[in-house]
Colleague: 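Take a look at the following structure, please.
The model shown is predicted, which means the values in this text are computed figures rather than measured ones. One-based numbering, in listed order, for ligands and for the atoms of each.
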Amino acid sequence: MPTKSHQDQKNLLLLTSGGDSPGMNAVIRAVVRSGHYHGFKVYACHDGYQGLVDEKIFTMEPHSVANCIQRGGTIIRSNRSHEFLKKEVRDKCRKFLAQEKIEYMVAIGGDGTYRGAAILEEEGGPKTIGIPGTIDNDIVGTEYTIGFDTARNTALQAIDKIRDTATSNSLYFLVETMGRNSGFLAADVGLAGGAEFVITPEFPTSIPELAKKIISPRRKKQSLIIVVAEADSPGRSFGMAQALKLITPGFEYRVCILGHIQRGGSPTLLDRSAGSIMGNMAVEGLLSGKSRCMTAMQDGKYVLAPFPNPNQPSRRLTDESIIKLTQILAS
Ligand code: F6P
């Protein structure tokens, strides 16, 4: 391990902000251990920016992250802080960080997390690198966000189970996935789960259009699985099922909202390895003088990329081919 004199000591604060996602602990472990390896003293705070607002920071030693790589959630907890949105509160945070000689920060989360980090740095706060952590895979500038793979596998296992009941009892299921305004989860899960239809905010289908396909004489199946992305109204599948029942009264519809089950659980290999690589990359990026950027995957490679423009909407599905293929392969 490189040795540092006391004056050279670099202090880094680590936090997870916004919704948790599986794989965040792999990131935390990598930042703490790589940070120590590179001579940083690593601090963390609980509950995202709120821990900073409350001035409750604590040191993290390499042993503090033992046995966490396989755990879901985030061992330092995460939250959304409304107080941190206020300039006077951020000024207080900045002064506190300066007093603690913390010049570097790694913030794991989504768009809101980066907005907070960018503004704090702009106002004279620590140099920050962000790491994309959300099950939605919807951050502009990266093809992958930590947690997405675990979430899609969790949803896939659920669909396999729902299929048992759907086939045994000749039921028509609407299975709702998370993903806010992006259909990445729904599209992958629909294809891999053998669904017949996938409905996402980017590629919606009207109820009459869907009903027409359901009652088409070409369909010979006794059961049906439609994957619906929650879009901006979680639970919307209930209304859709009611509307479908009115037009196609001969079928029995059931709704299953997968919800927060998709956010939990032990992370997959991809989320652990991406988390480990991105965590180390953030530390090395700060060490080489980079900041106000995030770790990202672009063209299949890990890179440092600018923070997304805060005025830009989240990343959305632009390619309908997976959704079309899902339909073709299920017919
Ligand atoms: O951003 C991740 C996500 O899981 C979205 O898919 C979902 O809409 C949202 O968080 C729900 O968040 P919460 O219940 O924490 O407000």
Colleague: Does Ser81 form a side chain to side chain donor-acceptor pair (under 3.5 Å) with Glu83? I'd like the steps, not just the answer.
Modeller: CA-CA 5 Å; Ser81 169; Glu83 279 189 76; 5.6 Å; no
Colleague: With a cutoff of under 4.5 Å between side-chain heavy atoms, which Ile, Leu, Val, Met, Phe, Trp and Tyr residues group with Ile69?
Modeller: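 None; Ile69 is a cluster of one.
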Colleague: Please tell me if the side chains of Ile139 and Pro132 come closer than 4.5 Å, counting only heavy atoms from C-beta onward.
Modeller: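 Counting from C-beta outward, Ile139 and Pro132 do come under 4.5 Å.
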Colleague: Looking only at side chains, do Thr150 and Arg272 share a donor and an acceptor under 3.5 Å apart?
Modeller: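 Their side chains do not contain a donor-acceptor pair, so the 3.5 Å distance test is not met.
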Colleague: How many angstroms lie between atom CD of Glu176 and atom CZ of Phe238, to the nearest 0.5 angstrom?
Modeller: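 So the CD of Glu176 and the CZ of Phe238 are separated by 8.0 Å.
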Colleague: Should Arg94 and Asp91 count as an ion pair when the cut-off is N to O under 4.0 Å?
Modeller: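 Yes, charged N to carboxylate O under 4.0 Å.
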Colleague: Exactly which residues line ligand 1, taking a heavy atom under 4.0 Å from it as the test?
Modeller: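 Contacting ligand 1 under 4.0 Å are Arg80, Thr134, Ile135, Asp136, Met178, Gly179, Arg180, Glu230, His260, Arg263.
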